[in-house]
Structure formats: C-alpha cells, structure tokens
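First comes the structure, then the notes that go with it.
These figures come from a predicted structure and were not determined experimentally. When a ligand or atom number is given, it counts from 1 through the structure's own listing order. Numbers here are sequence positions counted from 1.
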Amino acid sequence: MGLVRTINLSYFLVLLSSFCLQFGHATDTIAAPNFIKDSETIISNDGEFLLGFFSPVNSTYRYVGIWYAKVSTTRAIWVANRNKPLKTTSGILTISKDGNIVVLDGEKNIIWSSNVTGSVPNRSVQLLDSGNLVLQENTTASIIWESFQHPSDSFLPTMKISANIITGEKVQLTSWKSQSDPAVGTFSLGISVFNLPEI
Ligand SMILES: *[C@@H]1O[C@H](CO)[C@@H](O)[C@H](O)[C@H]1NC(C)=O
Ligand SMILES: *[C@@H]1O[C@H](CO)[C@@H](O)[C@H](O)[C@H]1NC(C)=O
Ligand SMILES: *[C@@H]1O[C@H](CO)[C@@H](O)[C@H](O)[C@H]1NC(C)=O
Ligand SMILES: *[C@@H]1O[C@H](CO)[C@@H](O)[C@H](O)[C@H]1NC(C)=O
C-alpha cells in the first residue's frame, strides 16, 4: 500500500510537471525574491532533473536535493543541507540578500548557504539539463557557484573530480552515513594532492 502510494505520488508529480510545462509555468530558475517551499520543485528544461525537498527512507528530516524526475526509485544525487537537516516542512530555498543560494528554516535561520563571498545583484539559480545547479549573475551570465564543484555521493556526466594543488581544495565524492542519513559518511573518492595524483 505504502509503495503504491509513493509511486502514485511520483507519477502525479511528473504529470503535474508536464502539465505545468505545457502551460509555461514550470521553471528551472529561481530569482530573488522568489523562492520555493517544501512540496514545490523546479525542473530542468529537458525534464530530467528535479530540485526540491525530500526525506530519505525511514527519516522524517527534510533535505533540499536533486533527483531524477522520471525514475520513482532513485534517491537524491545531490543534497544541499546534508549535515544539517530541516526538522519541519516549513523550509524554503531562495537567494539571500548577499546573493547566495540558501536553505532557510521556518524561523528564517540559514540552514545551508552556497557561501560565496562578495555581494552581486541580479543573481539567479538555475537547474541545468546536466543536473548541475548553478548560481549565476544575470547580466554577464557568469557562473558564481555550481553544485558540480560541491558533489555529494553521485558522479554525473560532465562532472570533474579535481584537486587544486595550491589551495588543497578538492572536488570529491563522499558517501552518505546511511541510506536514511545523507550526512558526510566514511568514504570519499577524490584525488590525493599530497604525492603524485592518485585516485
Ligand atoms: C526502514 O525501516 C524498516 C522497518 O524498521 C526496515 O525493515 C528497513 O530495513 C529500513 N530501511 C532502511 C533502508 O534502513
Ligand atoms: C558555509 O559556512 C559555514 C560556516 O563556516 C559552514 O558551516 C557550512 O558548511 C558552509 N556551507 C557550505 C555549503 O560550504
Ligand atoms: C539588474 O537587472 C536589471 C533588469 O534586468 C537591470 O536593469 C539592472 O541594470 C541590473 N543591475 C545590475 C547591477 O547589473
Ligand atoms: C535573472 O534571470 C532570470 C532568468 O532569465 C529571470 O527570471 C530573473 O527575473 C532575472 N533576475 C533579475 C534580478 O534580473
């Protein structure tokens, strides 16, 4: 019964998304002061990826993540607030006054931020067909932050695993703690910068 209901809901979401697409309301972009709240999603232009709020299996905590829109069984391929879950369904995702992508709880506390410094107006956040979530400056279309540079545990085509030898900054995959907890777990896949490049 539970399983059937879940599948129906996903099916409904896909239907709803295509309904919205048809009437031009579905969007892959959020621009300040717009936001999405729990139960709302944005969808990549090609309809492959959804960004929204979810709870992992056997968990009631809420996370902002990206998942495949057309597959009812896949779990999130990227999670924003993986180490700091929302305890209620009153969270929102928006662009803050300082121009960052932020997840806020019901009391407007920042639960997660893209943490880019330097205030730039006219930023918008877009979910690309590749599954990459990008924060960009509208007038120059320059990308300020992207989820592909901050992956969770999933590797997607066109993503690059890298390490900056000078800053020690790494782009690496890290496992979830468990199926019900996307917090940073024990395993990581990246390039070691200490010796010769090593995976
Ligand atoms: C979820 O909970 C059920 C019941 O306690 C358990 O049988 C199942 O293994 C759990 N699933 C995961 C992925 O932890
Ligand atoms: C942003 O900075 C805070 C405080 O330094 C840190 O706890 C948080 O993990 C950072 N978020 C990201 C997405 O790096
Ligand atoms: C922001 O965008 C608006 C409308 O697109 C434009 O008029 C304005 O000049 C932009 N501001 C900056 C600082 O780029
Ligand atoms: C930025 O671009 C998006 C997408 O074209 C648009 O919806 C939004 O209104 C723009 N934001 C500003 C502040 O100009």
**Study point:** atom 5 (O) of ligand 1 touched by protein heavy atom at under 4.0 Å
**Key:** no
Check your understanding: With a 6.0 Å cut-off on ring centres, are Tyr63 and Phe53 close enough?
Key -> no
Check your understanding: Does a salt bridge link Arg82 with Asp153, judged by any charged N lying under 4.0 Å from a carboxylate O?
Key -> no
Practice item. Just need the protein heavy atom nearest to atom 10 (C) of ligand 1, so name the residue and atom and give the distance. Key: Asn58 ND2, 2.4 Å
Point to revise | NZ or CZ of Arg123 within 45° of Trp145 ring axis and under 6.0 Å | key: no
Point to revise | Gln179: numbered ligand 1 atoms lying under 4.0 Å from its heavy atoms | key: 13 (C)
Revision key, fill the gap. Atoms of ligand 1 under 4.0 Å from any heavy atom of Val57, numbered from 1 in the order shown, are 13 (C)
Point to revise | Any donor-acceptor N or O pair under 3.5 Å, side chains Glu137, Thr139 | key: yes
